[in-house]
Amino acid sequence: MHELLHYAFMQKAIIASILVGLTCSLVGIVVVLKGMSFMGAGIAHASFAGVTLALLLGMEPFYFSLIFAVVVAIFIGYIERRGGLKIDVPIGIMFSFTMALAIMFIGLMKRYDPRVMNFLFGSVLSVSWKDIIYLAINLFLVLLFFILFFKELKFVIFDEELAEITGIPAGSIFYAFLILLGLTISTSLSSVGVILVFAMIVIPSAAAYELTHRFSLMLFLSITFGVVSSLIGLYLSYQFDIPSGASIVLVVSFFFFISLLISPKRRRLR
Amino acid sequence: MDCVVELAGVTAGYDSKVAIEDINLCIKERSFTGIIGPNGSGKTTLLRVITGSLTPFRGTVKVFGHPPVRVRNRIGYVPQFFNDDPYIPFSAIEVVLFGLYPHIGMIRRPGGKDVERARQALDTVGLLDKEKEPFGHLSGGQKRRVMIARALAGDPDILILDEPSSGLDVKSIRIILDLLHKLNTERNIIIILVTHNINQIASYLDTVVYMRKRIYVAGNPKEVLSKEVLSELYGAPVDVFERNGNICVLVEDSHA
């Protein structure tokens with residue numbers, strides 16, 4: 001293990017894994033408790049459409065993925081808040097629409113760009129310092145949001161409409177969160193990829209949800225699962241030469257199944 | 001006596017669909033008002049207009065002489081439906097504290113005094129012993145009382161409840177109505193509630209408003225809940241009788 005730390009690429013991978021684990025598991029709490037798990041998948045695919053467009057145009061993928069992610073997050077959020085359609089409908093539509101865009105952009109490329117696969121499946125072992133800076137800025141913004149609006153966020157999770165009636169700016173908090181969710185997904189793409197970023201958002205929080213009735217403890221457990229599984233997954237990836245994104249998600253899934261098995265919440269059902 | 005809640009010519013709804021039309025209403029100090037009517041008659045829309053969460057298409061709404069959004073901290077609202085996740089990671093006291101957040105202000109955290117106020121509110125609804133219990137573990141009636149405590153924590157002058165008896169057994173309904181009666185008589189809190197179940201609530205009310213998109217009749221329960229008025233409103237024979245001081249309304253079976 002000690003020798004691993006000598007490699008520069010490994011140092012960057014460890015830092016990136018910790019940052020992704022921390023940020024995704026934090027935003028995941030809100031995603032899981034508000035019952036909008038598939039929103040992560042929808043936004044990730046939108047983000048991928050942005051990446052492929054940027055690669056097609058020969059531009060910086062991050063900004064394009066960010067714009068696509070945030071616009072789609074706000075659009076889905078708007079449909080959800082407006083009522084009428086159930087949230088899975090706009091998510092399903094945007095999921096297919098943006099994936100179709102991504103496939104079209106890939107098809108329009110004169111030459112296949114290998115970075116497409118990196119963004120699709122993630123490659124934490126090849127993250128750059130620039131990726132790490134983006135991840136760190138994102139974590140700072142997410143932490144700031146949680147610190148400043150911790151109590152308001154809890155109320156919005158419990159009942160958004162009631163929070164609004166009571167005088168909490170629930171709409172603004174919800175949209176601010178969606179922008180952060182879009183930002184989190186865009187910054188995490190290079191490390192864990194489109195397919196697996198959704199898992200990193202949902203699974204640590206879902207595992208924590210199984211184990212406690214207390215919000216603050218759920219927050220702590222979710223972060224712990226996110227960070228620990230990122231590090232173990234990274235180590236296993238190096239040791240057994242398997243794709244890092246997949247091994248991280250397999251480890252966090254393992255934590256989830258254990259949580260489900262020992263969950264005090266399910267004991268009454270057995 | 002001046003109107004505390006005053007609606008003049010209010011028409012409101014969703015998108016372009018009108019749910020309530022040309023509503024004129026005056027709710028006075030210390031009153032206990034029941035808004036009754038069949039499902040889809042616009043009762044909840046009327047409450048949303050009074051709480052300021054829905055802007056009317058036409059007309060004016062004033063609460064204590066101001067638009068409702070300006071006096072939100074004087075209004076306590078208890079919705080019909082609330083979070084039904086049995087494992088939601090919030091305790092009863094945390095849910096009650098939500099009612100204090102607008103008073104605490106943004107960014108600041110609840111302090112010892114806030115927790116004490118929340119505990120007092122839980123005590124008022126008789127659930128202080130459940131303060132640490134996860135919200136999802138409580139029974140339907142207890143959850144409703146926690147939601148009332150949440151609304152009371154902010155020390156409101158008006159308490160607005162949407163279908164407070166919905167989904168509850170007879171005993172739980174009685175506990176909640178007795179609590180509302182106590183808040184009305186001892187703390188002078190104005191109570192406004194909507195229900196489609198007249199019998200459970202009639203004896204507690206001093207004002208009944210019957211609506212079906214518009215307000216058809218409003219006044220003292222003994223005047224409004226008469227055989228003649230209700231038969232005309234329901235378009236079917238309705239019997240009204242008193243037993244032990246309680247008004248009972250019976251829609252007669254057309255097959256009888």
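Labels below follow one simple rule: chain letters A, B, ... track the order of the sequence lines, proteins then strands, and each chain is numbered from 1.
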Ring centroid separation A:Tyr78 to A:Tyr175 under 6.0 Å: no

Around atom CG of B:Asp15, are there more than 12 heavy atoms of other residues, nucleotides or ligands at under 6.0 Å? no

Decide yes or no for B:Asp162 and B:Tyr77: does some side-chain heavy atom of the first lie under 4.5 Å from some side-chain heavy atom of the second? yes

Taking side chain as everything from C-beta outward and backbone as N, CA, C, O, which of these in A:Phe149 sits under 4.5 Å from a heavy atom of chain B? Side chain, backbone, both or neither. side chain

Chain A contact via B:Val69 - side chain, backbone, both or neither, heavy atoms under 4.5 Å: neither

Within the structure provided, determine whether A:Phe155 and A:Ile173 are in side-chain contact (heavy-atom separation under 4.5 Å). no

What parts of residues 16-31 of chain A touch chain B if we use heavy atoms and a cut-off under 4.5 Å? none

Answer yes if the ring centres of B:Phe90 and B:Phe98 are under 6.0 angstrom apart, and no otherwise. yes

Between the side chains of A:Ser222 and A:Ser205, does any donor sit under 3.5 Å from an acceptor? yes

Looking at B:Arg119 and B:Glu116, is there a salt bridge between them, counting it only when a charged N and a carboxylate O are closer than 4.0 Å? yes

Taking B:Pro102, B:Pro79, B:Ala151 one by one, which has the highest count of heavy-atom pairs under 4.5 Å against chain A? B:Pro102

Proximal to chain A - members of residues 46-55 of chain B, heavy-atom separation under 4.5 Å: B:Arg48, B:Thr51, B:Ser53

How about A:Met36 and A:Leu178: do any of their side-chain heavy atoms sit closer than 4.5 Å? yes

Distance-only polar pair, side chains of B:Asp114 and B:Tyr101, donor-acceptor under 3.5 Å: no

By a 4.5 Å heavy-atom criterion (distance strictly below it), what part of B:Phe81 contacts chain A: side chain, backbone, both, or neither? backbone

Taking every heavy-atom pair that is under 4.5 Å apart, which of A:Thr166, A:Asp159, A:Ile157, A:Ile168 has the most such pairs with chain B? A:Thr166

Tell me, with the steps shown, if B:Ile160 and B:Val78 meet side chain to side chain contact (heavy atoms under 4.5 Å, CB included). CA-CA 6 Å; B:Ile160 297 177; B:Val78 182; over 6 Å; no

Over 12 non-hydrogen atoms of neighbours within 6.0 angstrom of CZ in B:Phe57: yes

Close side-chain approach of B:Leu180 to B:Leu161, heavy-atom, < 4.5 Å: yes

Greatest number of non-hydrogen atom pairs under 4.5 angstrom with chain B, of A:Thr212, A:Leu217, A:Leu162, falls to A:Leu162

